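Single-structure report; data block below.
Below, all heavy atoms of this structure are taken into account, side chains as well, without hydrogens, waters or symmetry copies. Since we're looking at a predicted model, the values are computed, not measured.
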Amino acid sequence: MNVLKKQKMALLLQGDVSKLVEYFEQFEKSGIKTSSVKAKLERWKRMESNPAVHHGFFELSDVKDYLDDKVAIREQIIDLALCVLNDTLKIKTAKKSLEHHYDAIFESACSDYGYLAKYKNSEQPYYKDRFEPGFLDFFLNLHPRNIRDVLHQKILRADVDGEEYLFPAINLLPDGVIPSLNNNLLDRDLISVPEAFTEKVTHAKSENRPTFALNSFDVSTGEITCYISSYYRALYSCDIHFFNIISLFPGLNSKNIADYKNHKSIYDWSCALERMLLDHDFSDELSLGVSCLLVYNTPYGFETLLAKKHPDANGASDAHVVPAGMMQPQLANPDRYGMELDLEKQVLRELAEEVFNYPEDEDVDIHPNLYYASLYRKPQISHIKQLMAQGKAKLHVTGLYMDLFRMRPEVLTMLVIEDESWYETQFTTDQKIGNWEYLKGSLMPVDMTDDGFKGVIERNIAGYLCAPGAACFIKGYEKFSTLGLAIKQSTTM
């Protein structure tokens, strides 16, 4: 099948996934699972495989007419695709929808992604306008009412002295449902990432390492099922929406705001949200992040750490909790990756790297079976493990939120260390903390008190909190407030 026909076929497959699967099942051999049909359609939609020429669907007369090479003009292709979708597949589709998808499919193949060079520039209107009161409402109102209503229900809120603050993080689970990880990994076909894209959005320290990606979750229990993807695929499937939103945003008061609202990249972002929030369709590759609110006891009370990320690591030096990162396997054998789907392992690894500056590849020369044994021998981590065994430290899971713009889901955790000995022995004048992912000198201790919470939310003392950072801090503080831990009043150091 030539490129033009693959593009035309991809255009037909942008509609309702469940209805597409239901329609195409009639052409498959008996016994083929629905999941297999869906996977095949996803490959066709991404133009990663050629449909078999003898497939029954391609014998339909109107499909033959549509796929004919003589039909190569934009309006003709869109009109004929509309007929196939509405009349043959019986999937109600708007012409405007097909126009957006046509532009994305037929034009992106030759894109050099040059416009993405702007997204790291902190002078972009996005970075200035995000402090304006109407900023988030503007982006929420870009979506159709059905999506907008869900977003308003699920968006992260914090109340400080009767005033409500909104953050671009979306709760993926019902209130009270705590996420957990199923360590049985699934197999899935993976997307291809254009080199032109990765050249624009990666840097010298970027590595395309394996990641754990969300396949589905049980709404009633919070159990998450995963598969293996990679970091670059996460950028291309999730973060590209964030890059587009920043690079193309003209400013709230711009004369070009109408063009921005109707831009195909904004439309694609809205469609991706609809697939996830309304259809629970996670066919996009959503690599999981994990963030941890590290709460430790000191002689003057409990505190946590926030810091500004390096521009290469997270936009324009947004503030974040420490530690936070991608959920990634470290061992070399893919058949054993499931053993690492463990939140304690993931959090303690990030803690060693991001707080105590242990290099990611420090243990590359030891036998892989001993990787986590080596991690647990590091003094700071060993001390935590001892305290956990004694009931003096505990890891809490506080939610599953998704960055509204980046579209990346994040498991929220909080590690509470009650014993002051950990702080007194591990944070010393000789111990340097923080790694390259955080701006030097930006690590900020924050009191785990109402005043400390207000300072972060109301006075913005740490800087602009990125979506997962805000979710982890707010949900963590809510959980910490229920633990009944003593709060000391003296702040003398």
Side-chain angles (χ1 to χ4, degrees), residues 205 290-310 312-314 317 319-326 328 330 343-366 370-390 392-396 413-449 452 455-456 461-463 469 472-473 476 480 485 488 490-493:
K205 293 188 178 181
V290 59
S291 55
C292 179
L293 190 69
L294 176 62
V295 179
Y296 49 88
N297 203 359
T298 76
Y300 46 92
F302 285 91
E303 67 180 27
T304 188
L305 284 175
L306 301 180
K308 289 185 178 180
K309 292 285 247 179
H310 191 280
D312 281 342
N314 194 36
S317 306
H320 207 337
V321 299
V322 189
M326 302 296 291
Q328 296 177 314
Q330 303 299 308
L343 285 173
E344 183 180 304
K345 285 186 172 74
Q346 295 290 322
V347 167
L348 294 182
R349 174 179 60 79
E350 290 289 347
L351 180 64
E353 293 170 9
E354 294 193 355
V355 177
F356 293 104
N357 203 17
Y358 287 100
E360 287 188 50
D361 59 356
E362 181 183 55
D363 296 325
V364 70
D365 295 328
I366 68 172
L370 300 175
Y371 174 85
Y372 285 100
S374 176
L375 172 67
Y376 296 150
R377 286 184 62 186
K378 297 181 187 341
Q380 301 87 351
I381 308 304
S382 174
H383 196 172
I384 288 175
K385 290 289 287 181
Q386 292 174 19
L387 295 175
M388 292 175 90
Q390 297 166 5
K392 298 177 181 178
K394 184 174 181 180
L395 182 68
H396 302 266
T413 67
M414 176 176 62
L415 178 59
V416 180
I417 304 172
E418 295 184 39
D419 195 317
E420 288 181 22
S421 67
W422 187 78
Y423 167 81
E424 293 171 336
T425 56
Q426 306 307 337
F427 290 118
T428 68
T429 55
D430 296 323
Q431 173 67 59
K432 292 181 171 55
I433 59 175
N435 68 353
W436 74 267
E437 295 179 58
Y438 296 91
L439 288 175
K440 281 190 175 181
S442 72
L443 280 165
M444 175 184 291
V446 174
D447 292 333
M448 289 295 285
T449 62
V456 173
I461 60 171
C472 193
F473 178 71
F480 179 78
L485 296 175
K488 299 177 183 178
S490 172
T491 58
T492 304
M493 297 189 190

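- Ser374 and Ile366 get closest at one heavy-atom pair: CB-CD1, 3.7 Å.
- The shortest non-hydrogen separation linking Leu306 to Ala462 is CD1-CB, 3.8 Å.
- Side-chain contact between Glu418 and Gln390 is absent, with no heavy-atom pair separated by less than 4.5 Å.
- Nearest heavy-atom pair, Leu348 versus Ile381, reported as atom, atom and distance to 0.1 Å: O-CD1, 3.8 Å.
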Check the pair Val347 / Val290 against side chain to side chain contact (heavy atoms under 4.5 Å, CB included), numbers first and verdict last. CA-CA 7 Å; Val347 167; Val290 59; 4.0 Å; yes
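- Counting only heavy atoms from C-beta outward, the side chains of Val295 and Met414 approach each other to under 4.5 Å.
- Side-chain contact between Val321 and Thr304 is absent, with no heavy-atom pair separated by less than 4.5 Å.
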Could you go through the side chain to side chain contact (heavy atoms under 4.5 Å, CB included) check for Ile461 and Met444 one step at a time? CA-CA 9 Å; Ile461 60 171; Met444 175 184 291; 4.1 Å; yes
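- Distance check, rounded to the nearest 0.5 Å: CD of Glu350 to CG of Leu415 gives 13.5 Å.
- The distance from atom CG of Leu351 to atom CD of Glu344, rounded to the nearest 0.5 Å, is 11.5 Å.
- From Arg377, atom CZ reaches atom CG of Leu370 across 9.5 Å, with rounding to the nearest 0.5 Å.
- If you check the side chains of Asp430 and Thr428, you find no donor sitting under 3.5 Å from an acceptor.
- Residues Ile384 and Gln380 fail the side-chain proximity criterion, which asks for heavy atoms closer than 4.5 Å.
- Here the CD-CH2 distance, from Glu354 to Trp436, works out to 9.0 Å after rounding to the nearest 0.5 Å.
- Tyr423 has its side chain within reach of Pro299: a pair of non-hydrogen atoms, C-beta onward, lies under 4.5 Å apart.
- Of all the heavy atoms in Gln426 and His383, the pair that sits closest is NE2-ND1, 3.2 Å.
- Listed here is the closest heavy atom pair of Met326 and Arg349: O-NH2, 3.3 Å.
- One distance of note links NZ of Lys378 with CD of Glu353; it measures 9.5 Å at 0.5 Å rounding.
- Residues Leu485 and Val416 form a side-chain contact, since some pair of their non-hydrogen atoms from C-beta on lies under 4.5 Å apart.
- Figure legend: Lys308 and Tyr438 shown without cation-pi pairing, the cationic atom not lying both under 6.0 angstrom from the six-membered ring centre and within 45 degrees of its axis.
- Geometrically, Lys345 engages Tyr372 in a cation-pi contact defined by less than 6.0 Å to the ring centre and at most 45° from the axis.
- Taking 4.5 Å as the limit, every side-chain heavy atom of Glu437 sits out of range of all side-chain heavy atoms of His320.
- When side chains are defined from C-beta on, Trp422 does not count as touching Lys392, because their heavy atoms never get closer than 4.5 Å.
- A donor-acceptor pair under 3.5 Å links the side-chain atoms of Thr413 to the main chain of Ser291, judged by distance alone.
- We find the NZ-CD1 distance between Lys394 and Ile417 to be 14.5 Å, quoted to the nearest 0.5 Å.
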